[in-house]
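In what follows, chains are A, B, ... by sequence order, proteins preceding strands, each numbered from 1.
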Amino acid sequence: MLKINNLHVSVGDKPILKGLTLDVPAGEVHAVMGPNGAGKSTLGYALTGRPGYEATQGEAAWNGADLLALDPAERAAKGVFLSFQYPIEIPGVPALTFVRTALNAQKRARGEEEVSAPAFLKLVRAASQKLRMDFDMLKRPLNVGFSGGEKKRMEILQMALLEPSLLILDETDSGLDIDALRIVADGVNALRSPERAMVVITHYQRLLDYIRPDRVHVLAGGRIVASGGPELAHELEAEGYDKYLPQAA
Amino acid sequence: MSALNIRDSSTFPSRRVEAWKYSDLRRWLREAPEVSSAVAVSGDGPWAGLGGDQLAFGNGAAAGADAFVGSGEQVLRLRFVSETSGTGHTAAARISARPGARLLLLESHEGAGSGYVAHNRLEIDVAPGAEVTRLVLVEEPEDAISVTEAEVRLGEGARYAQTIAATGAKLQRLETRIVHPGQGADVRMDGVYALSGARHVDLTSVVDHQGPDGRTSQLAKGVVRDTARGVFQGKIVVQRGADGTDARMGHHALILGERAEIDAKPELIIYADDVQCAHGNTVGNLDESALFYMQQRGLPADEARALLTQAFLFEVIDRIDHEGARERVREWLGDRL
Ligand SMILES: Nc1ncnc2c1ncn2[C@@H]1O[C@H](COP(=O)(O)OP(=O)(O)OP(=O)(O)O)[C@@H](O)[C@H]1O
Ligand SMILES: [Mg+2]
């Protein structure tokens, strides 16, 4: 269970999240929607420990572990994964090398046995085939010169290989063409399991046709201001966020 | 200013000499040191495993020949070994490659002991159509002073590629001067440095294009930590008449310590027309967002930093054509980051 209680997060001196409370039980998929600048990405960064995103109040725990007390790599080893809205380029480090290094670092942190190079290659070949990714692309430096859609696929590939338990997808659908959206959604759905929880941040109902959420939340003004079933996403698509925004005086 | 002679303190340049502005030899060395005694050179040095012939100097004294003439395809390990404390020595070597020769020159500066002063002079002649690849690994005690001067003369259509990898010393200067005849001759002039503590390295080079249609490509990269200081002085001169020259120079450094320092002086001096020249120089820090991204995927902060730093420097190493030597330099440098 992901338990976020009264979370306040500031970026620099600017308060962005102002008392956000959200529970996502294991086995469920929750969508988070909300206007630009509401703090959706900030939530993802705060949960994964990005420097500069300071939690000034409140709690966030995953399966009982106090996330805010851990450094980013420790959180990753606890199974927390953020698919970035804008994946970062890592010059000079081939994607394959990067993912294997990351996977083995996590395994080490958990006291598990590391994966050998040949075994890893086998895993990657299978996973990249499922996502219809060109294997040669994985020999290139991670994300450098990748198209927007390729970067998003690369995020899902990493997710498939790292097998996290708490998945935060920040606008994974943006930049994907229609076929890619389906492929990526299949990749995400393949990871659905009773032990995993997913937070899917999106602006569009379309993604939620493929990844069916159990709950939909509206994040506005740094808080969850409304929650409902999948029908809430349709309602938002039709009506927008007007009624959730602070009224102009 | 007369040529450096470590037995004559009046030849020690201070920072008032323009070319030594960032590497004030006189500050560290006021008097001529006592002369080192020769030592035997043992083992095969850091290039063991790549075979070839050996030319070695122990505290400046040649263990056998002090010159080598290459023909055909050859590998030569050139070793400058210093094993002394508080004394000074000069080594002088001459290397030449006959027309059509392909010489892989694997040079090492191996320092043991402390506080020594080493001066190495190297002359390299590359005949028309010959090819020399000079790869240099430099590892010396933190309190040593060393100055290596290489004078390279190229014939028409010659190819010369150089990569220096250095970890610095109290003052460590590696200077290369190339007379570039143009005429299709091709030069790669690279360097990489990784410094910690109070170490200082100085990569200085002068490439003088005297004839048309020559090419020079230069890439130097370094990281400095703690209070270390990296100096890069790259000068490319394109003389009148050296039309069609293609010269590119880049120096990029990462400063990983608040008190570390980089001094870079890239210079392109062009007297000819119709040339392609470009230079770039950047000094920065590791990309914070990349570091966070890597940690988010599970890499501990130290490991993320090391991987990014290594990737940054390996761009230079990856320009080495010879596969075995490239792997050796990668391994050597990787162990020293
Ligand atoms: N480094 C920063 N410095 C200053 N303000 C920031 C910084 N990062 C984010 N913010 C601000 O925080 C607010 C929330 O940003 P965030 O990226 O979380 O929004 P979002 O809900 O993800 O928006 P979008 O839908 O456009 O992705 C914005 O007003 C943004 O300008
Ligand atoms: Mg966002």
(request) Tell me, yes or no, whether the heavy-atom count around A/Arg132 atom CZ, taken from other residues, nucleotides or ligands under 6.0 Å, exceeds 12. (result)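 No, CZ of A/Arg132 has 12 or fewer neighbouring heavy atoms, counting only those of other groups under 6.0 Å.
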(message) Can you confirm whether more than 12 heavy atoms, excluding those of B/Lys265, are under 6.0 Å from its NZ atom?
(response)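 Counting neighbours around NZ of B/Lys265, more than 12 heavy atoms of other residues, nucleotides or ligands fall under 6.0 Å, so yes.
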(request) Using the six-membered ring wherever Trp is involved, compare the ring planes of B/Phe292 and A/Tyr45 and label them parallel, tilted or perpendicular (cut-offs 30° and 60°). (result)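 Geometry flag for A/Tyr45 against B/Phe292: perpendicular rings.
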(message) My understanding is that only residues two or more places apart in sequence, or in another chain, count here; which of them pass ring-ring contact (aromatic ring centres under 6.0 Å, His included) with B/His109?
(response)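 Here the qualifying residues are B/Phe80.
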(request) Would you mind telling me which of A/Gly49, A/Ala109, A/Pro72 has the largest number of heavy-atom pairs within less than 4.5 Å of chain B? (result) A/Pro72
(message) Counting heavy-atom pairs closer than 4.5 Å to chain B, which one of A/Val93, A/Val80, A/Ile90, A/Asn104 comes out on top?
(response) A/Ile90
First locate atom [atom1] of [X], then atom [atom2] of [Y], and finally report the distance between them rounded to the nearest 0.5 Å.
X        : Y        : atom1 : atom2 : value
A/Phe84  : B/Ser289 : CZ    : OG    : 8.5 Å
B/Asp287 : A/Ile88  : CG    : CD1   : 7.0 Å
B/Gln295 : A/Thr48  : CD    : OG1   : 10.5 Å
A/Leu161 : B/Arg297 : CG    : CZ    : 11.0 Å

(request) Return the minimal non-hydrogen interatomic distance between A/Pro91 and B/Ala311, and the atom names on each side. (result) O-CB, 3.6 Å
(request) Might you point out which heavy atoms bring A/Ala105 and B/Pro300 nearest each other, and give the distance in Å? (result)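 Minimum heavy-atom separation between A/Ala105 and B/Pro300: CB-CD, 4.0 Å.
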(request) List in chain and number order the residues that pass side-chain contact (heavy atoms from CB on, under 4.5 Å) with A/Gln106, two or more places apart in sequence or in another chain; answer none if no residue qualifies. (result) A/Ala76, A/Arg110, A/Leu162
(message) Can you tell me which portion of A/Asp71 sits under 4.5 Å from chain B's heavy atoms? Options are side chain, backbone, both or neither.
(response)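 Looking at A/Asp71, nothing touches chain B.
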(message) When you measure from the side chain of B/Gln296 to the backbone of A/Leu82, do you find a donor-acceptor pair of N or O atoms at a distance under 3.5 Å?
(response)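 The answer is yes, because a donor-acceptor pair under 3.5 Å joins these two groups.
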(request) Using non-hydrogen atoms and a 4.5 Å limit, figure out which bit of B/Glu315 sits close to chain A: side chain, backbone, both or neither. (result) neither
(message) Please determine whether a side-chain nitrogen of the Lys or Arg among A/Arg50 and B/Glu288 lies less than 4.0 Å from a carboxylate oxygen of the Asp or Glu.
(response) no
(request) Determine whether A/Glu89 and B/Tyr293 make a side-chain contact, defined as any pair of heavy atoms from C-beta on separated by less than 4.5 Å. (result) no
(request) Name the member of B/Gly298, B/Ala290, B/Ala304 that forms the most heavy-atom pairs with chain A at distances under 4.5 Å. (result) B/Gly298
